[in-house]
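Notes to accompany the following structure.
Proteins get letters first, then strands, A, B, ... in listed order; numbering begins at 1 in each. Values reported hereafter were calculated over all heavy atoms of this structure, with side chains retained and with hydrogens, waters and symmetry mates removed.
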2 protein chains.
Amino acid sequence: MVRKTKEDAEITRQRIIDAARELFAEHGVSKTSLDKIAKHADVTRGAVYWHFKNKTELFHAMREQVFLPLIDRIDSTLLSSKNEINPLQRIEGFLIDTVRVLSNDTATRQTYEVLMAKCEYVDEFAEVLQQILNNCDGIVGNIEQVYQEAQQQSLINPSHSPTELAMDTHLFFSGLLHMWVKDSEGSRFRNQAETLIRTHIKLRKK
Amino acid sequence: MVRKTKEDAEITRQRIIDAARELFAEHGVSKTSLDKIAKHADVTRGAVYWHFKNKTELFHAMREQVFLPLIDRIDSTLLSSKNEINPLQRIEGFLIDTVRVLSNDTATRQTYEVLMAKCEYVDEFAEVLQQILNNCDGIVGNIEQVYQEAQQQSLINPSHSPTELAMDTHLFFSGLLHMWVKDSEGSRFRNQAETLIRTHIKLRKK
DNA sequence: TTGCATACATACAAGAATGAATGTAAATTA
DNA sequence: TAATTTACATTCATTCTTGTATGTATGCAA
């Protein structure tokens, strides 16, 4: 079969992204050739080059599919439910929710694996690192706001600044995600991630 | 020049490791060919293949050169000075010391960069991940012991278990190192790493 | 229904990169 | 000092990958 309708083309594009993600997660970005991706998606390299300029753009497309929903979740879980739930619970909820998404959604989990342990941040990919760092800044800022609320409600020890707490939480969670992803057996971190999060938040409570 | 004495050969071997580390840090492991490494070390691929079976073994050799000193430092900084310094200070000291090594020692810093952002943990490299995780287990265990001492000396809140504290500290530091390494400009984490560590420890104090 | 753009498939050229094979001169050993 | 390693250098064959160029059948618009 050749020429397809627009919807078919969109399906093909998504199939290529899916194939790329799966192979990236299995063999790493650099060892996955566009030909292997094409074959895994049941198309030829022609189709891949039609939809994406090169492997880098395909990588970016894969990343965006988890990055954009993350932004949404930050808004909905951390910020939007402003006054209803207590601030510390909102932070805890956001972190636990993130871990749950990783547990339940294979695509998201694979993408995180690729981003954190199966790609090399050099040359064209170096800019991705900057985007990730910028993204972190945003998250830390959001967490800081919520800690500020917590402080106004006297939920936490007043000697700790929201800035410090937010950064500490971010580093904790960053480390947790790295370990979670790398602990593929699940024995060390995956099974007890939620407990670790609750403990971390508990440490802040008055 | 051709055949060298044993000491010369050892120098050559080290030069190859150094060249590999520098190129790995600049262009990533997979995009660095053995030929480039050889040329950067002023030898040919023949020399590289003489000293190392392949790129993977060269990678392992590079890793060992920072891994073994780390083990030593855990013993000397965390454990050996048992009764002299207070436990929380020992943990804080170990973490700060680690960050200082990264700041001052280019080779160690480059190796960490490679290990954390410029290699892909797949296929032959997947086992390296397991080694890293095992290593983490050890470190967490050591930290836990020291927290136990701290608890016996009533330095920390008794409602927090040493196990929980140790894991939380490890995740915090793991995240910090990842961010430290990736924040090559230094603006976000490198400059304030020591402050972040002191804050983290401060959160535990009674 | 004609014509153009789309969504691919196929074919081609060129450049790495690897591993192994072979060459070689000096160091070491007997 | 002769024989044997050692410590590389050089060469070769093969595979993999990329980018591009070209072919082609179909959807869609006028």
Side-chain angles (χ1 to χ4, degrees), chain A residues 1-62 114 118-120 122-125, chain B residues 1-62 114 118-120 122-125:
Chain A
M1 53 182 160
V2 254
R3 169 90 161 97
K4 321 273 189 57
T5 158
K6 278 182 185 172
E7 297 87 42
D8 286 342
E10 185 53 38
I11 290 174
T12 300
R13 186 188 132 94
Q14 187 58 48
R15 290 246 313 274
I16 292 171
I17 294 178
D18 291 340
R21 176 175 23 74
E22 287 167 16
L23 292 182
F24 285 168
E26 197 177 346
H27 299 113
V29 173
S30 60
K31 283 192 179 174
T32 301
S33 68
L34 293 183
D35 187 53
K36 285 178 188 164
I37 294 173
K39 284 186 173 130
H40 196 242
D42 265 321
V43 292
T44 63
R45 268 173 54 241
V48 176
Y49 274 105
W50 171 257
H51 286 284
F52 306 96
K53 190 182 159 197
N54 50 33
K55 202 202 277 183
T56 307
E57 296 226 340
L58 181 46
F59 177 87
H60 276 83
M62 175 199 72
V114 173
K118 288 158 185 181
C119 76
E120 302 181 358
V122 285
D123 302 332
E124 330 91 75
F125 290 91
Chain B
M1 53 181 161
V2 250
R3 170 88 161 100
K4 322 271 189 58
T5 159
K6 277 182 185 172
E7 298 88 42
D8 287 342
E10 185 51 39
I11 291 174
T12 300
R13 185 189 133 93
Q14 186 59 49
R15 289 247 311 277
I16 292 171
I17 295 179
D18 291 340
R21 177 175 21 75
E22 287 166 16
L23 292 182
F24 285 167
E26 198 177 346
H27 299 113
V29 173
S30 59
K31 283 193 180 173
T32 301
S33 68
L34 294 182
D35 187 54
K36 286 178 188 164
I37 293 173
K39 285 189 173 127
H40 195 241
D42 265 321
V43 292
T44 64
R45 268 173 55 238
V48 176
Y49 274 104
W50 172 257
H51 285 284
F52 306 95
K53 190 182 159 195
N54 50 33
K55 203 201 276 184
T56 307
E57 296 227 339
L58 182 45
F59 177 87
H60 277 82
M62 175 199 73
V114 173
K118 288 158 185 179
C119 75
E120 303 180 357
V122 286
D123 302 332
E124 330 92 75
F125 289 91

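In terms of the side-chain hydrogen bond (donor to acceptor under 3.5 Å, both in side chains) criterion, residue partners of A:Asp35 (sequence neighbours excluded) are, by chain and number, A:Lys39. Listed by chain and residue number, nothing satisfies the ring-ring contact (aromatic ring centres under 6.0 Å, His included) test with A:Phe24 (two or more places apart in sequence, or in another chain).
For the OP1/OP2 pair of C:dA7 and a distance below 4.0 Å, the side-chain nitrogens and oxygens of A:Thr12 include no atom meeting the criterion.
Distance, B:Ile11 CD1 to D:dT6 C1': 16 Å, rounded to whole Å. One interatomic measurement links the two molecules: CZ of A:Arg15 to C1' of C:dC8, which rounds to 13 Å at whole-angstrom precision. In this structure, A:Phe52 places its CZ atom 14 Å from P of D:dG19, rounding to the nearest Å.
Annotation: the terminal axes of the helix from C:dT1-D:dA30 to C:dA30-D:dT1 meet at 10°, where each axis is the rotation carrying the C1' atoms of four end pairs onto the next four (5 pairs per end, rounded to 10°).
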Quick one: side chains of residues 10-23 of chain B, donor-acceptor pairs under 3.5 Å with protein atoms, not counting sequence neighbours, listed by atom name and distance.
{"unit_1": "B:Thr12", "atom_1": "OG1", "unit_2": "B:Asp8", "atom_2": "O", "d": "3.1"}
{"unit_1": "B:Gln14", "atom_1": "OE1", "unit_2": "B:Gln65", "atom_2": "NE2", "d": "2.8"}
{"unit_1": "B:Gln14", "atom_1": "NE2", "unit_2": "B:Asp18", "atom_2": "OD1", "d": "3.0"}
{"unit_1": "B:Gln14", "atom_1": "NE2", "unit_2": "B:Gln65", "atom_2": "OE1", "d": "3.1"}
{"unit_1": "B:Arg15", "atom_1": "NH2", "unit_2": "B:Ala41", "atom_2": "O", "d": "2.6"}
{"unit_1": "B:Asp18", "atom_1": "OD1", "unit_2": "B:Arg21", "atom_2": "NH2", "d": "2.5"}
{"unit_1": "B:Arg21", "atom_1": "NH1", "unit_2": "B:Gln110", "atom_2": "OE1", "d": "2.8"}

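Among pairs with a residue in residues 53-62 of chain A, those fulfilling side-chain hydrogen bond (donor to acceptor under 3.5 Å, both in side chains) read A:Thr56-A:Glu124, at least two apart in sequence or across chains.
Looking at A:Glu120 and B:Ser30, their side chains do bring a donor and an acceptor atom within 3.5 Å of each other.
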Quick one: what's the B/S/- string for nucleotides 16-21 of chain C, heavy-atom cutoff under 4.0 Å, read 5' to 3'? -SBBB-
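Residue A:Trp50 places its side chain closer to C:dT6 than to any other of C:dT6, D:dA7, C:dA9.
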